[in-house]
J.: 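Have a look at this one before I ask anything.
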Amino acid sequence: MTAAALTSFRTCPLCEATCGLEVTTVGDRVTRIRGDRDDVFSHGYLCPKGSTLRQLHEDPDRIRRPLVRRGLGAAARWDEVGWDEAYAEIERRLGPVIETHGRDSVAVYLGNPNAHNLALMLYGRALLRGTGTARLFSASTVDQMPKQVAAGLMFGTAITVAVPDVDHTDHLVVIGANPFDSNGSLLTAPDLPGRLQALRARGGRLVVIDPRRTRTAEEADEHVALRPGTDALLLAAVAHTLFDEGLVELGPAGRWVSGVAELRPALDRFTPEAVAADCAVPAATIRRLARELAGAPRAAVYGRIGTCTQEFGTTASWLVDVLNTLTGNLDRRGGAMFPRPAAGSPNTEGTPGRGRGFRLAPGRTTRVRALPAVLGELPVAALAEEIDTPGDGRVRALISVAGNPVASTPHSERLDRALATLDCVVSVDLYRNETSRHAHVILPPPSPLAREHFDVLLYRLAVRNVANYSPPTLPLGPDERPEWEILLRLGALAAGEGTDLDVAHLDDRFLAGLVQHATATTGSPVEGLDPDTLVAELSRSGRRGPARIVDLLLRTGPFGDAFGSRPDGLRLDVLLEAPHGVDLGPLEPRLPEVLRTPSGTVELAPAALVDDLDRLASRLGGFAAHAAAGGLVLIGRRDLRSNNSWMHNVDVLVKGRPRCTLQVHPSDAARLGLLDGGPARVSSRVGALDAAVEVTDRVMAGVVSLPHGWGHDRPGSSMEVAARHAGVNSNILTDDQVVDPLSGNGVLSGIPVTVSPVGDRADPPAAAGAAATGAPR
Ligand SMILES: Nc1nc2c(c(=O)[nH]1)N[C@H]1C(S)=C(S)[C@@H](COP(=O)(O)OP(=O)(O)OC[C@H]3O[C@@H](n4cnc5c(=O)[nH]c(N)nc54)[C@H](O)[C@@H]3O)O[C@H]1N2
Ligand SMILES: Nc1nc2c(c(=O)[nH]1)N[C@H]1C(S)=C(S)[C@@H](COP(=O)(O)OP(=O)(O)OC[C@H]3O[C@@H](n4cnc5c(=O)[nH]c(N)nc54)[C@H](O)[C@@H]3O)O[C@H]1N2
Ligand code: SF4
Ligand SMILES: [Mo]
């Protein structure tokens, strides 16, 4: 008898767009994945990656049982073991490290999928608490940390990020983002390309500021080619023009804005003429950008990774919202608005309109360079040196959860070497890749289709208020464990509680802590209620794990039922009845209630940021001088069919023309003697590699572009398809010694490099392998 086909619905966890999927299964087999036409947010949209959850699920290289490594390097052997044996092995290695060198000798690295994974979002804290380490690193410091610092200083919490109201704006300026390939970031909007096309179709204007003529730029009314790293200069000059030409008009939000008077003189130096040569943008264009922004009925400036992963990341991120504020577009329909997420966030908790604010408090720092912790995290650019620099307090163990820092963080070869020296490396990961090949133990999470899902984080950044919960589509594989259970056990093990604890007990304890916190929080709808009663209510019908916590968050969130006092409010049961999600409406103005600054105002001129303008001014002339001397800089790029470093084992995504090419402008190619398709050697202060050249006028002269997340030719990895399309790791070239001082963020863009044809030198390439078509292992 053949099983009947079943249809279920779930949210795609691969990028920030949160598209709804319709998944057809026959028994435990997936037969089709397509867009869910009835999804309240995505309405059937899907990018080419969405349907590949099936290939990911079926991938023979996906790890299904814990792995323990015996031996080293090429001689290493990987044994599949049971879970108890895996935890015992971790305890055997981690125990002595903690005992001898203390808890801070253990580093934790949390990779990007933590933001897309319900179990990791909710239970990561259990792991951190269990390890008790101050050495927390994450992909945030090679990504959005600058935006979070800027938002924290201006609005009071680091997650109070204003998102452009793309569905209602008349004028959108996109700087350092390419949503036609990335699908948007810090801006959750399924089918963002379609939404941008709709903006133009209704007569709106789209301007893209990017060193490359991206697909987004091609779809725009105007593309401004900007020299990498000069965003803060450009944005400061636009702000200067607004003041200079009397175009500042704060609008209704003005009642809650402070610091305008302090800001104005600080921008004096940044006239359009003063920055034009560095930015490679004429002064007249900068003035026009300002006038258009001020003149549009409703406008928004949106900056993303290009504005963050550079030396002035925080200052550039701040200036984006300075422009939104000065043009009266902050917190108004069609401007830059604050979402109200159903599961709550720091800006829906506590006293509305005022709070402790965000502090760049000097406290914990890294050991070697004394870089400060930001939001409780140390800069991942410092991870390698924290391991390989001799002395007291050296990092000796690493727990990496859903991360591939060897592919993703600056000076990756140094980190690659450093990881090989550690006493204990644990990876919680789907694959044995560039990073997890260093693990002593790999603990595999279940396939994305065998988990429950709710986007706790991404709905905090969404262009509409929506809520959608997905139960697991498929059952766990025979030896798979839910990821929340993995984190709970790992946390308890690190805490010294042993390896054979009852997970249900750990989970109950974890939930009790959350409930206790909620009932003790001022302004919470359950403030003062009896925690035990709430726990009992949440645990009805045997519910546990993430589902129980999502229920708690929803019920105590801004749309929640508050455990009965708002009976029509949200709770998990409501979402279970709504497989296509619940639409909670467009974004609405939230000032002043959204603020958590001590002053209760939008702080337009935080001292740390105003002070950083001196550092920015000290660079005036430097960018242009580097270019005039023939200097090249390296930037990255994203491709729609790729997802950071880990989707390259899906054949349908990597087949076809090679994606990992070095884009070079024709004039530079001619000057340097580089041929299209030929190999070139790229060298930076920290490393060198060989890459295949793609001559194209899509990059501006003086700029070369190589995507990140490649270089799948490391021995000991086990990703067969990816190895056939290995490419090169662009982070061999990025410099671990340069960070944005305010956020600790790595600098991944605007890297000074030299490029030469391969073959004019006798020495072998510094990085192995490396033609973009890939070297077999
Ligand atoms: N040069 C350069 N470098 C960059 C960037 C750039 O633009 N240029 N971008 C940066 C950015 S924005 C980011 S976010 C980082 C990403 O940096 P990382 O997060 O370190 O790297 P990813 O490639 O996202 O790797 C994710 C890892 O998690 C595993 N994984 C996937 N899903 C799950 C899951 O559900 N559970 C578990 N346990 N594991 C899972 C994958 O197998 C993979 O090993 O890279 C940064 N690095
Ligand atoms: N298909 C796909 N989608 C993804 C990812 C992926 O790897 N592949 N990764 C996901 C992740 S983790 C993230 S964080 C988001 C990122 O989402 P986006 O920010 O949209 O990322 P990119 O597509 O890299 O776009 C960054 C743009 O900045 C430009 N740029 C580089 N340097 C500078 C500069 O100095 N100034 C300016 N103004 N521009 C510059 C680059 O040319 C590039 O076009 O994408 C997410 N979505
Ligand atoms: S756009 Fe993002 S969320 Fe939507 S299908 Fe593609 S990868 Fe999944
Ligand atoms: Mo990212």
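Start at 1 and go down the list; that is how both ligands and their atoms are numbered.
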J.: Under 4.0 Å, heavy-atom basis, I'd like to know which part of Asn643 is in contact with ligand 2: side chain, backbone, both or neither.
T.: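 Both backbone and side chain of Asn643 come within 4.0 Å of ligand 2.
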J.: Which residue supplies the protein heavy atom nearest to atom 3 (N) of ligand 1, what is that atom called, and how far is it?
T.: Asn731 ND2, 3.1 Å
J.: Look at atom 21 (O) of ligand 2 and say which protein heavy atom is nearest, naming residue and atom and giving the distance to 0.1 Å.
T.: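 That would be Ile305 CG2, 3.3 Å.
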J.: Only one of Leu458, Leu53, Asp455 clears side-chain contact (heavy atoms from CB on, under 4.5 Å) with Pro13; which?
T.: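 So the option named by the test is Leu53.
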J.: Between ligand 1 and Ser408, is the shortest N or O to N or O distance under 3.5 Å?
T.: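 Right, the criterion is met.
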J.: Got the closest protein heavy atom to atom 40 (C) of ligand 2, with its distance?
T.: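 So the nearest neighbour among protein heavy atoms is Pro211 CD, 3.3 Å.
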J.: Below 4.0 Å from ligand 2: does a non-hydrogen atom of Asn183 turn up there or not?
T.: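 The answer is no, since Asn183 has no heavy atom less than 4.0 Å from ligand 2.
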J.: With a 4.0 Å heavy-atom cut-off (strictly under), which part of Asn404 contacts ligand 1: side chain, backbone, both or neither?
T.: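 Both backbone and side chain of Asn404 come within 4.0 Å of ligand 1.
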J.: For Gly750 and ligand 2, answer yes if some heavy atom of the residue is under 4.0 Å from a ligand atom, otherwise no.
T.: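 No heavy atom of Gly750 comes that close to ligand 2.
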J.: Check each atom of ligand 1 against the heavy atoms of Asn117 and keep those under 4.0 Å away; list them by number with element.
T.: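 Every atom of ligand 1 under 4.0 Å from some heavy atom of Asn117: 34 (C), 35 (O), 36 (N).
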J.: For atom 38 (N) of ligand 2, what's the nearest protein heavy-atom neighbour? Residue, atom name and distance, please.
T.: Asp231 OD2, 2.6 Å
J.: Out of Asp429, Thr409, Val747, who gets a non-hydrogen atom closest to atom 41 (C) of ligand 1?
T.: Asp429
J.: Do any nitrogen or oxygen atoms of Asp143 lie less than 3.5 angstrom from nitrogen or oxygen atoms of ligand 1?
T.: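 No, since none of the N or O atoms of Asp143 sits under 3.5 Å from an N or O of ligand 1.
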J.: What protein heavy atom is closest to atom 31 (C) of ligand 2, reported as residue, atom name and distance in Å?
T.: Ser749 OG, 3.4 Å
J.: Which atoms from ligand 2 have a heavy atom of Pro228 less than 4.0 Å away?
T.: 34 (C), 35 (O)
J.: Taking 4.0 Å as the limit for heavy-atom contacts, which would you say applies to Val401 with ligand 1: side chain only, backbone only, both, or neither?
T.: neither
J.: With heavy atoms under 4.0 Å as the rule, classify the contact between Ser642 and ligand 2 as side chain, backbone, both or neither.
T.: backbone
J.: Can you list the atoms of ligand 2 that are under 4.0 Å from a heavy atom of Ile175?
T.: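 Every atom of ligand 2 under 4.0 Å from some heavy atom of Ile175: 38 (N).
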J.: Could you tell me if any non-hydrogen atom of Thr309 lies under 4.0 Å from any atom of ligand 1?
T.: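 Checking ligand 1 against Thr309, which is what was asked, there is no heavy-atom contact under 4.0 Å.
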J.: If you have a sec, work out which protein heavy atom is nearest atom 1 (N) of ligand 2 and how many Å separate them, to one decimal?
T.: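 Of the protein heavy atoms, Asp639 O, 2.7 Å lies nearest.
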J.: So that I can tick it off, tell me whether Arg213 and Asp697 are bridged by a salt bridge, with the cut-off set at under 4.0 angstrom between side-chain N and carboxylate O.
T.: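 Arg213 and Asp697: salt-bridged.
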J.: Can you figure out which of Arg62, His708, Arg304 has its heavy atom closest to atom 6 (C) of ligand 1?
T.: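 Comparing heavy atoms across Arg62, His708, Arg304, the nearest one to atom 6 (C) of ligand 1 lies in His708.
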J.: Side chain or backbone of Asn433 under 4.0 Å from ligand 1, or both, or neither, by non-hydrogen atoms?
T.: side chain
J.: Between atom CZ of Arg54 and atom CG of Leu449, what is the distance when rounded to the nearest 0.5 Å?
T.: 11.0 Å
J.: Between ligand 1 and Val428, is the shortest N or O to N or O distance under 3.5 Å?
T.: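 Right, the criterion is met.
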J.: Using a 4.0 Å heavy-atom cut-off, which part of Ser730 comes near ligand 1: side chain, backbone, both, or neither?
T.: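 The side chain, only.
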J.: Where's the contact between Asn644 and ligand 2, heavy-atom distance under 4.0 Å: side chain, backbone, both or neither?
T.: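 Asn644 to ligand 2: contacts from backbone and side chain alike.
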J.: Check ligand 2 against Leu226 and write out every atom of the ligand that is under 4.0 Å from a heavy-atom position of the residue.
T.: 38 (N)
J.: Any idea which atoms of ligand 2 are less than 4.0 Å away from a heavy-atom of Arg212?
T.: 42 (O), 43 (C), 44 (O)
J.: What is the ring orientation for Phe454 with Tyr459, classed by angle as parallel under 30°, tilted 30 to 60°, or perpendicular over 60°?
T.: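 Ring orientation, 0 to 90° scale: perpendicular.
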J.: So which protein heavy atom does atom 20 (O) of ligand 2 come closest to, and at what separation?
T.: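 Nearest neighbour among protein heavy atoms for atom 20 (O) of ligand 2, to 0.1 Å: Ser182 OG, 2.7 Å.
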J.: Run Asp735 and Arg414 through salt bridge (charged side-chain N to carboxylate O under 4.0 Å, His left out) and show every step you take.
T.: CA-CA 10 Å; Asp735 193 334; Arg414 180 176 184 180; over 6 Å; no
J.: Please state which protein non-hydrogen atom is closest to atom 44 (O) of ligand 2 and give its distance, to 0.1 Å?
T.: Asp210 OD2, 2.7 Å
J.: So is Gln144 touching ligand 2 or not, going by heavy atoms under 4.0 Å?
T.: no
J.: With heavy atoms under 4.0 Å as the rule, classify the contact between Ile209 and ligand 2 as side chain, backbone, both or neither.
T.: backbone
J.: Of the protein's non-hydrogen atoms, which lies at the shortest distance from atom 25 (O) of ligand 2, and what is that distance?
T.: Asn178 N, 3.3 Å
J.: Tell me, which protein residue and heavy-atom name are nearest atom 9 (N) of ligand 1, and how many Å apart are they?
T.: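 Protein heavy atom at minimum distance: Arg638 NH2, 3.2 Å.
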J.: Does His116 reach ligand 1, in the sense of a heavy atom lying below 4.0 Å from it?
T.: no
J.: May I ask you to identify, for Pro113, whether its side chain, its backbone, both or neither come under 4.0 Å of ligand 1 on a heavy-atom basis?
T.: side chain
J.: Tell me which one of Asp231, Leu233, Leu235 satisfies side-chain contact (heavy atoms from CB on, under 4.5 Å) with Cys279.
T.: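 Only match with Cys279 under side-chain contact (heavy atoms from CB on, under 4.5 Å): Leu233.
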J.: Have a look at Asn649 and tell me which of Leu430, Val721, Leu56, Val654 forms a side-chain contact (heavy atoms from CB on, under 4.5 Å) with it.
T.: Val721
J.: Among Val174, Leu206, Leu199, Leu172, exactly one meets side-chain contact (heavy atoms from CB on, under 4.5 Å) together with Val166. Which residue is that?
T.: Leu172
J.: Give the numbers and elements of all ligand 1 atoms closer than 4.0 Å to a heavy atom of Arg451.
T.: 34 (C), 35 (O)
